[in-house]
Amino acid sequence: MIRLLSCLLLLASFSFATAQTTKLKRKYRGLYKGEIPSYNAIIGSKEVSVKSQALELSIDKDSLQLKIGKYCYKNSYVVIKKESTLEIRLDREDSGIEEVLVLDSKAKTLTRKGLFPQPDAVLTKPKKSAQR
């Protein structure tokens, strides 16, 4: 019984240590800004027009903060390397909704995959101002 518990404990600690499959380089971390375009949603039998919304994303070494309008979500993330892009996934706190972000390192853009019926939003990293 003790061997079984120690094996489970060892396995659990190993899975936590290898949870993040790829590390996100420092040059890709930082602040990204963009906008969710306006769109139409069907609620019940009515079609409702939803205005565009400002979107701000801050990526740290081990966590990600997402601001959509007045709402703010913060959680840890997982990076998955695809062919020519990096896919960043995180769960929103207390909702279980998964956010999917695609980082194109060549174009230096971050695309937030919209939750249906939201369209995708393209975010860019603001240029640094000249230091004096």
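Just so it is clear, the values below take in all heavy atoms, side chains as well, and ignore hydrogens, waters and symmetry mates.
In this structure, the separation between CG on Leu64 and OG on Ser58 is 7.5 Å, given to the nearest 0.5 Å. Rounding to the nearest 0.5 Å gives a distance of 8.5 Å between CD of Glu35 and OG of Ser38. Atom CD1 of Ile59 sits about 5.5 Å away from atom CG of Leu110, to the nearest 0.5 Å. Distance NZ/Lys125 to CG/Leu57: 11.0 Å, rounded to 0.5 Å. Taking CG of Asp60 as the start and OH of Tyr77 as the end, the distance is 7.5 Å to the nearest 0.5 Å. Note: Lys70 NZ to Gln53 CD = 9.5 Å, rounded to the nearest 0.5 Å.
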(request) Determine, stepwise, if the pair Ile36 / Ile68 fulfils side chain to side chain contact (heavy atoms under 4.5 Å, CB included). (result) CA-CA 9 Å; Ile36 300 172; Ile68 303 173; 3.9 Å; yes
(request) Apply the test side chain to side chain contact (heavy atoms under 4.5 Å, CB included) to residues Ile88 and Leu24: give CA-CA distance (whole Å), side-chain angles for both, the deciding distance (0.1 Å), then the verdict. (result) CA-CA 9 Å; Ile88 303 170; Leu24 196 59; 4.2 Å; yes
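Under the 4.5 Å side-chain criterion, counting only non-hydrogen atoms from C-beta, Thr111 is not in contact with Leu101. Counting heavy atoms from C-beta outward, Leu123 and Leu55 have side chains that approach closer than 4.5 Å. Contact annotation: the side chain of Ser76 never approaches that of Asp62 to less than 4.5 Å [non-hydrogen atoms, C-beta and beyond]. The closest side-chain heavy-atom distance from Ile80 to Lys82 is below 4.5 Å. Side-chain atoms of Ser52 and Pro37, non-hydrogen and from C-beta on, never get closer than 4.5 Å to each other. Counting heavy atoms from C-beta on, the side chains of Arg89 and Glu98 come closer than 4.5 Å. For the pair Tyr39 and Gln118, the minimum side-chain heavy-atom distance is below 4.5 Å. You'll find the side chain of Tyr28 reaches within 4.5 Å of the side chain of Leu103, heavy atoms only.
Val100 and Leu90 fall into different hydrophobic clusters, where Ile, Leu, Val, Met, Phe, Trp and Tyr residues are linked whenever their side-chain heavy atoms come under 4.5 Å apart, directly or through other members. Hydrophobic clustering keeps Val122 apart from Leu86 (ILVMFWY residues linked when any side-chain heavy atoms are closer than 4.5 Å, directly or through intermediates). Linking Ile, Leu, Val, Met, Phe, Trp and Tyr whenever their side-chain heavy atoms come within less than 4.5 Å leaves Val102 and Tyr32 in two separate clusters. Criterion: ILVMFWY side-chain heavy atoms under 4.5 Å apart, direct or through other members. Under it, Tyr71 and Leu66 are part of a common hydrophobic cluster.
Residue pairs meeting the side chain to side chain donor-acceptor pair (under 3.5 Å) criterion with at least one partner in residues 99-110, sequence neighbours excluded, are Arg92-Glu99, Glu99-Arg112.
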